[in-house]
2 protein chains.
Amino acid sequence: MYSALYNHINKFIDLSSDEQEILASLLKSFSFKKKAYLHEVGDICRANYFVVKGCLRLYFVDIKGAEQTTQFAIENWWISDLTSFIFQKPSDFYIQAAEQTEVIAIEHRHYDEILEKIPKLEKYFRSIYQKLHQASQIRIKYLYSQTAEERYTNFNKLFPEFVQRVPQYMLASYLGFTPEFLSKIRAKR
Amino acid sequence: MYSALYNHINKFIDLSSDEQEILASLLKSFSFKKKAYLHEVGDICRANYFVVKGCLRLYFVDIKGAEQTTQFAIENWWISDLTSFIFQKPSDFYIQAAEQTEVIAIEHRHYDEILEKIPKLEKYFRSIYQKLHQASQIRIKYLYSQTAEERYTNFNKLFPEFVQRVPQYMLASYLGFTPEFLSKIRAKR
DNA sequence: ATCATTTCTTAAACTACATTAAGTTTTTTG
DNA sequence: CAAAAAACTTAATGTAGTTTAAGAAATGAT
């Protein structure tokens with residue numbers, strides 16, 4: 001039970017078995033079918049989700065009605081709409097399963113409690129958010145320095161397996177262009 | 001000494017005076033003139049910087065030779081090239097003072113030490129990185145959903161004082177367009 | 001105050017990518 | 001395994017924003 005998360009946590013800190021037990025009492029597992037929603041626009045993002053198996057995506061629908069995927073989370077990554085999660089206010093985003101997905105969830109009412117009862121986890125989450133911030137800095141740099149085609153080529157080189165996992169239209173919006181343009185890029189090869 | 005930082009930290013946690021003393025022994029203050037570099041491309045980002053007064057920017061020079069500003073930090077924000085700072089490897093970025101700026105610095109060799117000696121600070125930095133991640137999520141959403149003109153109008157509405165503080169060419173690149181286009185937008189009004 | 005430097009503006013020509021729309025292929029479901 | 005739904009492709013047309021280049025205005029240094 002929850003061993004995927006324990007293994008991940010233990011890469012950063014050492015949890016005693018007492019602490020593991022406390023933690024276990026405050027977690028929940030969920031399973032989502034492909035295309036199921038963890039929450040929709042207007043809902044409150046009730047939990048911070050750790051992906052055990054599968055793939056989630058965070059997206060919104062823009063003014064023209066197009067889905068814009070802004071984040072993916074695969075195995076061992078956390079995902080949530082943080083603003084909605086922290087302040088428990090309605091989200092502007094959807095979180096959807098891009099594949100059949102198993103998650104471990106920390107619900108909002110247990111988030112502070114977990115950190116109070118197991119202060120060591122502050123270090124774990126500090127590390128997690130630090131990594132997320134690092135990833136953002138790199139992503140923003142790519143968005144600002146490369147053309148659409150370069151972003152695709154580069155992403156494909158860095159994460160070839162991942163590119164196979166999700167529909168192209170999700171990837172296109174994540175990389176900041178239209179599915180039609182992605183087709184065009186691919187046709188060139 | 002360092003009171004700007006203590007005040008900020010105390011919004012998140014309570015530091016004892018013992019802890020403040022330990023912390024003080026591991027911090028350094030620096031002052032930078034407008035346009036001075038905290039580090040340049042190829043240098044290692046030696047410290048994580050807390051802005052006491054003034055404004056810093058993180059930017060890189062793209063393949064066409066244009067400066068792309070990817071982050072600003074004003075009073076009470078932290079800034080660094082995290083990848084370079086954490087792994088102590090050469091940076092792809094410049095960090096430059098956009099104004100005469102006073103900072104408090106945590107140098108890399110003291111970063112882990114500070115967190116070990118004052119574990120409470122894990123919570124502080126968890127909160128800081130959590131906020132930064134939240135800001136990134138919002139920023140990415142704006143980048144993906146608004147036109148250049150909307151981004152400018154919106155930013156101007158949210159941070160009117162800040163828009164006055166930095167040259168337009170820095171703002172233009174931060175918002176993802178050229179200075180010429182910004183002039184065009186402004187001419188419309 | 002004056003000169004040099006930096007920043008901002010204007011406008012014409014250009015281009016990377018979006019839009020629209022129709023057709024094709026692949027995947028899902030009963 | 002057939003029908004429906006979802007995902008992908010192609011191509012013509014359109015446009016938001018870039019590029020280039022020159023001049024004007026603001027700021028800084030002596």
Side-chain angles (χ1 to χ4, degrees), chain A residues 32-37 54-55 57 59 61-69 72 94 96-101 142-156 162-189, chain B residues 32-37 54-55 57 59 61-69 72 94 96-101 142-156 162-189:
Chain A
F32 294 96
K33 283 203 266 199
K34 191 169 175 170
K35 298 204 177 166
Y37 288 102
C55 178
R57 67 164 177 146
Y59 76 92
V61 174
D62 70 20
I63 207 171
K64 289 171 190 153
E67 293 179 4
Q68 299 291 343
T69 301
F72 287 108
Y94 299 81
Q96 188 191 36
E99 305 170 351
Q100 154 73 30
T101 302
Y142 281 139
L143 276 176
Y144 280 64
S145 61
Q146 300 185 327
T147 63
E149 183 164 359
E150 285 166 346
R151 290 198 303 274
Y152 175 72
T153 309
N154 184 55
F155 192 85
N156 220 347
F162 183 75
V163 172
Q164 301 308 111
R165 272 175 83 165
V166 298
Q168 284 181 31
Y169 73 90
M170 288 185 194
L171 197 62
S173 72
Y174 179 75
L175 293 174
F177 45 79
T178 59
E180 290 84 356
F181 193 69
L182 179 46
S183 270
K184 211 177 198 170
I185 294 171
R186 286 166 52 94
K188 282 198 194 172
R189 312 237 110 198
Chain B
F32 295 96
K33 284 202 266 200
K34 192 169 175 171
K35 296 203 179 167
Y37 287 102
C55 178
R57 66 164 179 148
Y59 77 91
V61 174
D62 72 18
I63 207 171
K64 290 171 188 153
E67 293 179 5
Q68 301 290 343
T69 301
F72 288 107
Y94 298 81
Q96 188 190 35
E99 306 170 351
Q100 155 72 29
T101 302
Y142 281 140
L143 276 175
Y144 279 64
S145 61
Q146 301 184 325
T147 63
E149 184 164 357
E150 286 166 346
R151 290 199 302 277
Y152 175 71
T153 309
N154 185 54
F155 193 84
N156 220 346
F162 183 75
V163 171
Q164 300 307 110
R165 272 175 84 164
V166 297
Q168 284 181 32
Y169 73 90
M170 288 185 194
L171 197 62
S173 74
Y174 179 76
L175 293 175
F177 46 79
T178 58
E180 292 82 356
F181 192 69
L182 180 45
S183 270
K184 214 178 196 169
I185 294 170
R186 286 166 51 94
K188 282 196 194 173
R189 311 237 114 201

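Just so we're on the same page: letters track the sequence lines, and every chain starts at 1.
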For this session: Output, in order, the C-alpha distance, side-chain angles, deciding distance and verdict of side-chain contact (heavy atoms from CB on, under 4.5 Å) for B:Tyr152 and B:Glu149.
Result: CA-CA 5 Å; B:Tyr152 175 71; B:Glu149 184 164 357; 5.8 Å; no
inquiry  = Quick check against the 3.5 Å criterion: does A:Arg151 have a side-chain atom that pairs as donor or acceptor with the backbone of A:Leu175?
reply    =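 Present.
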Side chain B:Gln96, main chain B:Arg57, donor-acceptor under 3.5 Å
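Side chain of B:Gln96 to backbone of B:Arg57: no pair is present.
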Could you tell me how far apart [X] ([atom1]) and [N] ([atom2]) are, to the nearest whole angstrom?
X: B:Tyr169; N: C:dT9; atom1: OH; atom2: C1'; result: 16 Å
X: B:Glu67; N: C:dT7; atom1: CD; atom2: C1'; result: 12 Å
X: A:Gln168; N: C:dT24; atom1: CD; atom2: C1'; result: 14 Å
X: A:Gln96; N: D:dA6; atom1: CD; atom2: P; result: 11 Å
X: A:Leu171; N: D:dT9; atom1: CG; atom2: P; result: 12 Å
X: B:Lys33; N: D:dG28; atom1: NZ; atom2: P; result: 14 Å
X: A:Ile63; N: C:dT19; atom1: CD1; atom2: C1'; result: 16 Å

Handout entry: Any residue meeting side-chain hydrogen bond (donor to acceptor under 3.5 Å, both in side chains) with B:Thr101, in chain and number order, not counting sequence neighbours
Key =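 Partners of B:Thr101 under the side-chain hydrogen bond (donor to acceptor under 3.5 Å, both in side chains) test: none.
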Between B:Phe162 and B:Cys55, is a side-chain contact (heavy atoms from CB on, under 4.5 Å) present by the stated rule, with each step listed?
CA-CA 10 Å; B:Phe162 183 75; B:Cys55 178; 4.0 Å; yes
message = Just to verify, what does A:Tyr94 make a ring-ring contact (aromatic ring centres under 6.0 Å, His included) with, not counting sequence neighbours?
response =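 In terms of ring-ring contact (aromatic ring centres under 6.0 Å, His included), with neighbours along the sequence ignored, A:Tyr94 is linked to A:Tyr37, A:Tyr59.
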| task | Please list, chain by chain and in numerical order, all residues satisfying ring-ring contact (aromatic ring centres under 6.0 Å, His included) with B:Tyr174, sequence neighbours excluded. | result |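 Scan of B:Tyr174 (ring-ring contact (aromatic ring centres under 6.0 Å, His included), adjacent residues dropped) gives B:Phe72, B:Phe155.
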Quick tally for nucleotides 11-23 of chain D: nucleotides whose base has a protein heavy atom under 4.0 Å get B, sugar-phosphate-only ones S, the rest -, giving ------BBBB---
The contact string for nucleotides 25-30 of chain C, one letter per nucleotide 5' to 3', using protein heavy atoms under 4.0 Å with B, S and - for base, sugar-phosphate only and none, comes out as ---S--
Single hit among A:Thr69, A:Thr178, A:Leu182 for side chain to side chain contact (heavy atoms under 4.5 Å, CB included) with A:Ser173:
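When A:Thr69, A:Thr178, A:Leu182 are each tested with A:Ser173, the side chain to side chain contact (heavy atoms under 4.5 Å, CB included) holds only for A:Thr69.
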Can you figure out which of D:dC8, C:dT10, C:dT6 approaches the side chain of B:Lys35 most closely?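 Between D:dC8, C:dT10, C:dT6, the one nearest the side chain of B:Lys35 would be C:dT6.
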Check your understanding: Does OP1 or OP2 of C:dT9 have a side-chain N or O of B:Arg186 closer than 4.0 Å?
Key ->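 So the side chain of B:Arg186 is within the cut-off, an N or O lying under 4.0 Å from OP1 or OP2 of C:dT9.
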Please list all pairs meeting salt bridge (Lys or Arg N to Asp or Glu O under 4.0 Å) that have one or both residues in residues 164-176 of chain A, counting only residues at least two apart or in different chains.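 Output for this query lists A:Glu75-A:Arg165, A:Glu99-A:Arg165.
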